[in-house]
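What follows is a single structure, written as structure tokens, with notes after it.
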Protein chains: 2
Amino acid sequence: MTDRPLSLSATSRTRLRRMKEKGRTRPEDLFAVLRAGFVAHLGVVVDGHPMVVPTVYGFDEENIFFHGSVASRSLTTDAEVCLTVTLLEGLVLARSVFEHGINYHSAMIYGTPRTATGDDAKLYGLRLLTEHVAPGQWDYVRQPSRKELAATALLSLSLAEASVKIRTGPPDDGDSPDAELGLWAGELPVVPRWDQPVPDPALPRPVPALPAHIAGLVGRRLNRG
Amino acid sequence: MTDRPLSLSATSRTRLRRMKEKGRTRPEDLFAVLRAGFVAHLGVVVDGHPMVVPTVYGFDEENIFFHGSVASRSLTTDAEVCLTVTLLEGLVLARSVFEHGINYHSAMIYGTPRTATGDDAKLYGLRLLTEHVAPGQWDYVRQPSRKELAATALLSLSLAEASVKIRTGPPDDGDSPDAELGLWAGELPVVPRWDQPVPDPALPRPVPALPAHIAGLVGRRLNRG
């Protein structure tokens with residue numbers, strides 16, 4: 001990740017109308033969400049109807065990459081998408097139902113994806129995808145054959161039009177009349193962690209050693225170290 | 001949750017074209033995803049462009065409920081939506097880059113939301129929303145005033161048109177030539193758990209006791225008991 005500033009545009013879509021206090025447009029906030037996330041939700045319009053599908057992704061300083069196959073039903077040339085990555089941080093437990101909510105980081109990226117053409121472009125994006133969640137895995141496993149690359153539809157989407165929303169901290173009713181109720185209030189965090197690996201039953205005996213780059217993830221928080 | 005069978009329709013949208021082997025249409029699979037999930041991603045079409053926003057939800061046997069405010073920029077009367085709930089189960093670590101993937105459960109619900117009108121309808125949906133992730137919280141905190149209810153936009157979406165996709169288990173290349181590579185392969189699960197609660201700094205001293213229904217969640221897997 002470079003420190004080179006990236007200017008996130010404020011179009012009519014990313015100029016947040018609701019909850020303005022939650023809006024962030026700093027590139028480092030966008031990259032923080034993308035680094036910590038795992039699955040994005042891709043929104044497309046199919047015959048005028050919205051459709052949202054989950055997909056894994058990778059990214060560099062300028063683009064986010066994902067498999068074209070996830071949207072094969074829907075993504076035609078020049079189709080606009082919205083790619084949203086949400087980090088759920090926890091439940092905001094207030095003194096009244098009305099003030100309840102969630103703490104989260106959310107990034108929305110808008111634009112028209114480009115299809116990667118050529119082996120080099122596909123390998124570049126696939127490597128980012130593979131390395132995003134399990135660094136070291138690309139060099140550990142067999143890399144794509146030309147035939148596999150030909151069968152791979154890889155899309156990239158510019159990060160130029162993006163917005164980030166963040167809500168953190170305690171509930172907002174700490175100085176309201178409800179504070180007199182004497183109730184406990186605060187945040188209940190949710191933390192996703194890598195659990196114990198489950199070996200493929202098809203592995204030979206003795207089972208090959210778990211590689212260090214995977215063993216090092218076990219028990220750790222997803223993408224946070 | 002009732003055992004009453006719910007017929008999930010197979011429209012052109014929910015008749016899965018890709019990855020047919022992953023398609024499930026049993027109502028119990030849909031309810032299992034909704035029970036275990038926390039945040040849904042709501043897809044809408046705004047001026048012809050897709051937009052995807054995260055939102056919390058609640059549900060009963062026939063509908064899923066969410067706040068209208070999350071989509072206030074976009075949701076007009078008769079606007080169709082797609083609401084997707086994804087449970088990320090883990091990373092599928094194969095012997096080749098090409099066979100990598102994720103294990104997940106994903107539910108997509110299509111339709112046109114209805115706006116709840118009247119205090120009773122709003123209270124019904126809000127209670128499901130609040131109790132979904134933190135059962136017991138509705139009765140612990142102050143319930144909505146009439147003024148708060150008037151300020152609440154609550155939407156419901158029928159579960160009648162829904163599809164569920166599931167991928168579980170080891171990678172698919174256990175009997176491929178790549179099995180000869182001698183690499184470790186399998187699944188690296190991701191587990192979201194409730195972490196230690198963070199009290200609101202505005203709480204009086206001594207801090208009110210953490211209620212049992214929240215204390216009972218700590219360390220447990222999200223919505224899985």
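Throughout, a chain's letter reflects where its sequence line sits, starting with A, and its residues are numbered from 1.
Contacts with chain B were tallied for D195(A), L183(A), V190(A); L183(A) has the most, counting heavy-atom pairs under 4.5 Å. Counting heavy-atom pairs closer than 4.5 Å to chain A, the top-ranked of the candidates T130(B), D178(B), L181(B) is D178(B). With chain A as partner, the option from G186(B), P189(B), A151(B) having the largest number of non-hydrogen pairs under 4.5 angstrom is P189(B). Of the residues considered (V39(A), L93(A), T152(A)), L93(A) shows the highest number of contacts with chain B, using heavy-atom pairs under 4.5 Å. Between chain B and the options Q137(A), E99(A), Q143(A), heavy-atom pairs under 4.5 Å are most frequent for Q137(A).
When all heavy atoms are compared, the tightest approach of G174(A) to A202(B) is CA-CB, 3.9 Å.
If you take CE on M51(A) and OH on Y110(B), they are separated by 5.0 Å, rounding to the nearest 0.5 Å.
Only the side chain of L217(B) comes within contact range of chain A, with at least one heavy atom under 4.5 Å from a heavy atom of that chain. Using a 4.5 Å cut-off between heavy atoms, A185(B) contacts chain A through both its backbone and its side chain. In this structure, the portion of I102(B) lying under 4.5 Å from any heavy atom of chain A is its side chain and not its backbone. In this structure, chain A has no heavy atom under 4.5 Å from any part of P204(B).
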Derivation and outcome, side-chain contact (heavy atoms from CB on, under 4.5 Å), residues R95(B) and L203(A)
CA-CA 11 Å; R95(B) 288 118 180 128; L203(A) 285 176; 3.5 Å; yes
Using the side-chain contact (heavy atoms from CB on, under 4.5 Å) rule, take L188(B) and V218(A) through it: C-alpha gap first, then chi angles, then the decisive distance, then the call.
CA-CA 8 Å; L188(B) 187 63; V218(A) 179; 4.3 Å; yes
Apply the test side-chain contact (heavy atoms from CB on, under 4.5 Å) to residues M108(B) and V53(A): give CA-CA distance (whole Å), side-chain angles for both, the deciding distance (0.1 Å), then the verdict.
CA-CA 8 Å; M108(B) 295 163 70; V53(A) 290; 3.9 Å; yes
Applying side-chain contact (heavy atoms from CB on, under 4.5 Å), run through V141(B) and H100(A) and close with a yes or a no.
CA-CA 10 Å; V141(B) 299; H100(A) 276 64; 3.9 Å; yes
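With sequence neighbours excluded, the residues satisfying side chain to side chain contact (heavy atoms under 4.5 Å, CB included) with L210(A) are P197(A), I214(A), A215(A), W184(B). The ring pair (Phe, Tyr, Trp, His ring centres under 6.0 Å) test applied to F38(A) returns W194(A), not counting sequence neighbours.
Among V52(B), V46(B), T84(B), V45(B), the single residue meeting the side chain to side chain contact (heavy atoms under 4.5 Å, CB included) criterion with P50(A) is V45(B).
Looking only at atom types and distance, the side chain of T86(B) has a donor-acceptor partner in the side chain of H41(A) under 3.5 Å away.
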